[in-house]
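Below you'll find the structure, written out as structure tokens, and then a few comments.
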Amino acid sequence: MAHPAIAVGSVSKSFGGIAAVDGVSFTVSGGEVVGLVGENGAGKSTIKNIIGGALRPDAGHVSYAGAPAVHGVGGAKHSGVATVHQETSLFPDLTVAENILIDRLRSPGRATVRPGQLRRAAAPVLQRVGAGFGPEALVRDLSAGQRQLVEIAKALAAQPRAVVFDEPTASLNLAERELVMGIVEQLRADGVAVLYISHYLEEIARLTQRIVVMRDGRVVADRPTAELDRAALESLMVGRELAQGHPPLAPPREATTLTVRDLGDGARVAGVSFDIAEGEIFGLAGLMGSGRTEVARAIFGLAGGIGRVEVGGRRLRRGSVRACIAAGMAFVTEDRRHEGLFLDRPIRESLSIVELDAVCRSRRTGWLDDGRERRLTEELARRVRLVARGGLGAAGGSLSGGNQQKVVIGKWLAGRPRLIILDEPTRGIDVGAKAEIYRLLADLAREGTSILLISSEMEEVLGLSHRVGVMHDGRLTGILDRAHATQEAVIRLATGGAA
Amino acid sequence: SSTGGSDAANGSGSGKKRTIGVSFDLLNAIRQAEKAAIQKAADAAGYSVEFAVADQDAQKQASQIQDLIQTKKVSAVIVIAQDGQQIAASASLAKARNVPFLAIDRAVADQANVTFQITGDPVADGKAVAAEFLAAAKTAPLKVLELVGGLTDQNAIGRRDGFNAALAGQPGVTIVSQVPTDWNPAQALDGTSNALQKDPTINAIYVPSDFLLPSVQSALTAAGRLAPIGDPKHVFLVTIDGDQNGCKAMQAKTLDADIATPVDEFGKQSIAAVTTALGGQPVAPKAVQAKGLTLNQANYATTSSQVWGCAS
Amino acid sequence: MNPPAVATRLRAAVRREPLLPVLLVLLLGLSAAYHEFAAVANLRNIAVQASPLVIAAVGMAYVIMTAGIDLSVGSMLFLAAAIESARAVAGLPTAAVFAVVCLAGVLMGLLNGLAVAFTRVPALIVTLATMQMFRGAGGHVTGQQNIDLPAKLRGIGTAALLGVPAPVLLAAAVALAGAFVFRRTTFGRYVQAVGSSPDAARNAGLPVRGVLVGAYVAAGLLAAVASLTQTARLGAVQPSIGQGYELTVITAVVLGGTTLLGGRGSIGGTVLGALVLTTVQTGLVFSGASPYVFDIVRGGVLLAAVLAAAARWRNLAQAARLTGRATPA
Amino acid sequence: MRPEPARAEGSVTEPSAAPPAAGRPVRRPEWLADLAMLPALVALVAVLSVMTDGLLTASNLTNVLSQSAVVAIAAIGATFVILTGGIDLSTGSVIGASGVAGAWVLTSSGSLAAGIAAGLLAGTAIGLAVGVVVARLNVVPFAVTLAALYVVSGCTTLLSHGRTIAPVPIGFIRFSIDGPAGVPYAVWLAIALYVVAQVALTRTAWGRRVVHVGASAEVARISGVDVARTRASVYAVAGLFSAIAGMVLTSGLAGAGASMGSPLLLNIVGAVVLGGTRLTGGQGSLVRTGIGVLFLGLLSNGMSLLGLASFDQQIVTGAFIFLAAAADGLLRWRSRRSGDS
Ligand SMILES: Nc1ncnc2c1ncn2[C@@H]1O[C@H](COP(=O)(O)OP(=O)(O)OP(=O)(O)O)[C@@H](O)[C@H]1O
Ligand SMILES: Nc1ncnc2c1ncn2[C@@H]1O[C@H](COP(=O)(O)OP(=O)(O)OP(=O)(O)O)[C@@H](O)[C@H]1O
Ligand SMILES: [Mg+2]
Ligand SMILES: [Mg+2]
């Protein structure tokens, strides 16, 4: 019989004495989509990196179509294996076309690079992934979501025999998710082998024929998709039963915490007005690029200065993050690796940074008190259920994506904020962690904290929010209360239709 | 007696040969000549020499002198100061350890702790150059381009002031442009080309040091003005120092005169002073200014042998 | 072609290289102030004086584009000159001498490149170290003496083709080649890619180390070429050659709008930067100002350029963001 | 403005000095990292002491210390700047400027206090100006400080007419000649400053913020750190320390000249990075810098004892700077090979 396109044989890999992957074996054959699921830190991305040649396994072997893998990214590419990275790996200063064709810049049969030819070669691939931007655009100017599309286009342009997707839809919204899944199905139809890593179990259920479940670096199950229902899958991943659905919401209080009037950033977003009451969770839905992030950043003083923002009735000086924090605001960024936490400083410092003054012996002197800092940070780590195998002294970069996100949320909890703005808080987070974060948000709301929740995950926004605001092309096109907030209504507003 | 001294020092195999520490500000052609002169005189007098270069770093020079005196325990130090003022600290250190402290080539401001000093006489050299210009001006009036050395270097200042003073109010010689070179060949080259560009009637150039000569020559070449003496295109050139460039140019008859620095004197007299001082006598006179030796086409045959640049 | 087209093209060019109008204004202003300035001969002067800087700066641009830096240019310049003047070498036929010097440049660059690419030592430190080593080595070769060059080696400093001086031709050739390689070859694209994001480069399996080495070799080679033209004009080799030159070269590159963060910049801008710097210098000589004023002016110009560049990149990003979204595939 | 992934990702490739070890060791790795260069220093001492005689004598070691004092003090400021991921090329000219300013007031007014105050004030002011430009307009420090280098040294030379300001009162010179235990006051001052600075770095919120700005300005900004203020403050501090160094140098040289500081720049930056403080910021300490300074100090002292020719000294220094840095780099690399390929 034909060899499987990808065969992973008892592969192990550890970082600084911590086993990230431990004796993992599975195969992916042409024309099948295999799902790889597991909690944050289970080792999925590590496996992907090993298959893609970016990491060398400590033990075990990888083979492509029967041929043992030559180490190195080049080797994998050469044998027709493409990977779509979780954290995109593009060149911000190069054009989209150059990024997509980075391996084949030279025009066929020529010694030189010809921009026109690159453009022509890139355009169809971009079309295929339904990108809304041209091959000439600089990646620097694209949003997180758009970058993900470029990343996928890059993989497809190589005409691969096998593709590994690592959470390709994490930064996409419904429409584009559909698109990507269409692409995956197309690939399968073309006989390409696909390894699909995702935390969206419905995607897994829909796309895959077989599911490999990882926990703590080991494979705990490798079964046909048909045999696994959602509950079974989750308990396999987490190793325990999960409380299903969203936690109950307490009704918001009377007093309004946040008042936003005619907010704009001078570029994309304008005329956004809404209020959030004490203890209310206000969802913000919309297509990618609709400007939700911009709104969040504008409120938090990171972008634009147009419009009025009040917290507890006190008008805020615009464009000043510190003023916002002083007024009790907190902001969980969508771009955790670059804005969320220090990748190469101890995790502890990322947790204590917001309340550094609080861990000083006396606020005025600014003398740090290690004891207090340790107590505070360990308390926070517990509250967000952080899994840091290296301890809080380890570097933030050594955490898996999900646990990094927990740190980013955790650092704000020290200050007991009145208003938390979360931009894609559960992006790239496993079901277990998600449930924890949902409960955390519900608890915070119950204690009276107001929450602005931006998410591309429809059922998350609908399930968690008292009210849902919908954005379209930089405008707030409507606000639906819980009763009227249905998928259809949101989509209609998000695509510019009337409420 | 110096030979006798040397016999005494070398002959007695006790190996107790006295060491002189030498610290230069930098090392280039003329410094090499000065180094050689010191070495020669020292060998003759039976001293060994510890040599250090400070790469134009005043603090480094201070450190080197400190190391020489305190750790190497040299019997005397001869210094070409990077900075005539800042060397004072080192001088007082030497005084404290009562090690004779001698300065050559560049004058030291505070003479209190200096045992002996022999320098060129930049002002006199500048005057000597001016004299050559005046002589030449008798035949035809000169329009002069004056290059100026580093504006923070007393020698450069002296050479400029002596020259200007001697020419003040003299008919026939007019300084049409002054170009600062900061002792930088490239700057001299560009400055000269630009000046020749600005005023093509320039027919004489004062080059304050031989090591700028090649730059000036190629600037002239580029302007098609490099011609031997007698040729109407010839530009009247006078320089100071008397190194190999100068001598070659003299032979090639493209250079009219060169005021040679008496580096051998520096060596001889400083080492002599060391011997006196180590002998316990006071050195007199304490400060000597050795005039430059004028080498021109007229006296070339007779004088060139005494010019260090022509010796090699 | 019709005027509006010309206008738009001009505007585009200016947007790409904002230094262009600056240079023109500078030239016009100086010509107005000093009537000898406008003379063809003088402009040729400026071009000649600028050419070593242009050549060295193009090499530096490549290095800076990879988010690196090369402090050893000045010393490479000196060591190359020293080797050129060495008895053993200077005796050879002219072509051979040039070959040897260029080879020396390549080797020096190779040393820098290998060190930067294979040890994780920051470029600043690597080149800080080699800066000293090369100068020391040069000192060995020359014995800290002034050495005249034989006439045959001064040719490329003084010769001219159709009235265009050799150094200018050389500089022009280097600039064109540099620009072409940067825009139109995989190496050039990789240089920008590596500077733009080393991580992504590694993920994409680009020959990161090869690219780094290549950039530094280019810098070394061009430093040697610059040295050839420079010494040919000076006619002699002094121990002080190239001291502090690295800062001038870097100034020219930064002036040209290349950011020290790597990934962004252009060869054309670099050339303009060198020209502006030289023009300012000549202007100061014409005005008879002291060299210290020159330092102050140079610093001021650099600062202005950097601020302008910073603002410019911001605007570009803004514009691109808005259009980038709009452009349909 | 959105973050520039290019930069942020760049920081990912830079390793954490301390790889996450098993168990929960928190500070020990930091300490080990701080002392990474110590073996190299010891080795150097060993080699030099066999090759030369009189290296390890008390008087010579005192000389090494007093000769290193100026660089040591200036390197403190440089360390803070580099910790934020910046660099200050103007250090050398600020040393000159503040020295000249101080010496001028000192000689003209005759008051020691006034002179020193003037010097420190001048340096701090320049540093602050540079810092404000770097921070508020946020442009690349390398370029800004390069410009500052030209402007400052140019102005100083212009104002002092290129002359050296001397002589300064003998009492002022004594400061770098004698002191308790035969060790000059200058050295004691340097040591004291190192203790203070190291404490400020590791034990105060300001120090922590400096490191954070270097580790990731974006993260710091979003977490409420006033990045601009922190940056500016760091350059002001650097200016202050350069000024102190300038005054010490003036006392050591019995006079101040505009260009006296410029040759020191290489040693200052060299010492900081040699000690193992990361040029991209976020990792480093004054312990490391101290080691770096001693390394370079001993090296040049040893070479002048060996009577090496100046160009050989340059070669050796260069080689050592590189080897030391490479050794450190290789260690980090090895420790992280497993990390990113
Ligand atoms: N470069 C690294 N250095 C040290 N430890 C690492 C490194 N990369 C990953 N790890 C560790 O390896 C384990 C697996 O990480 P990995 O990223 O594969 O998890 P994951 O399954 O992809 O999680 P997520 O679903 O959040 O992406 C984690 O415990 C993480 O801390
Ligand atoms: N990383 C980025 N760099 C530059 N511009 C960006 C970036 N991300 C988004 N933008 C711009 O900001 C505007 C709004 O994008 P934004 O990210 O806020 O959309 P969004 O609704 O938050 O969708 P998503 O969060 O999925 O990107 C768009 O014009 C986009 O081009
Ligand atoms: Mg992952
Ligand atoms: Mg967003």
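Numbered from 1 within each chain, the chains take letters A, B, ... in sequence-line order.
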If you tally heavy-atom pairs under 4.5 Å between each of Ala54(B), Ser63(B), Ala52(B), Ser90(B) and chain D, the highest tally belongs to Ser63(B)

- Item | Close side-chain approach of Asp57(B) to Leu264(D), heavy-atom, < 4.5 Å | yes

field: Heavy-atom side-chain contact between Lys60(B) and Ser300(D) under 4.5 Å
entry: no

Distance col, row Ser310(D):OG vs Gln64(B):CD, nearest 0.5 angstrom, shows 8.5 Å

In this structure, CG of Leu55(D) is separated from OG1 of Thr71(B) (nearest 0.5 Å) by 8.5 Å

Value for OG1 (Thr157(D)) from CG (Asp182(B)), rounded to nearest 0.5 Å, stands at 9.0 Å

If one checks every heavy atom of Ala62(B) against chain D at 4.5 Å, the contacting part turns out to be side chain

For Gln86(B) and Leu253(D), indicate whether the former's side chain and the latter's backbone hold a donor-acceptor pair under 3.5 Å. no

Between Gln313(D) and Asp55(B), does any side-chain donor sit less than 3.5 Å from a side-chain acceptor?
-> no

Honestly, the part of Gln56(B) sitting under 4.5 Å from a heavy atom of chain D is backbone

For Ala254(D) and Ala88(B) the tightest heavy-atom approach is CB-CB, 4.4 Å

Counting heavy-atom pairs under 4.5 Å with chain B, the top scorer among Asn63(D), Asp53(D), Leu308(D) is Asn63(D)

Residues of residues 103-111 of chain D with a heavy atom under 4.5 Å from any heavy atom of chain B, in residue-number order, are none

key: Close side-chain approach of Leu249(D) to Gln59(B), heavy-atom, < 4.5 Å   = yes

Taken to the nearest 0.5 Å, the spacing of Ile157(B) CD1 from Arg163(D) CZ works out to 10.0 Å

Honestly, the part of Thr52(D) sitting under 4.5 Å from a heavy atom of chain B is neither

| request: Would you indicate whether the side-chain heavy atoms of Gln67(D) and Asp67(B) approach each other to under 4.5 Å? | output: yes

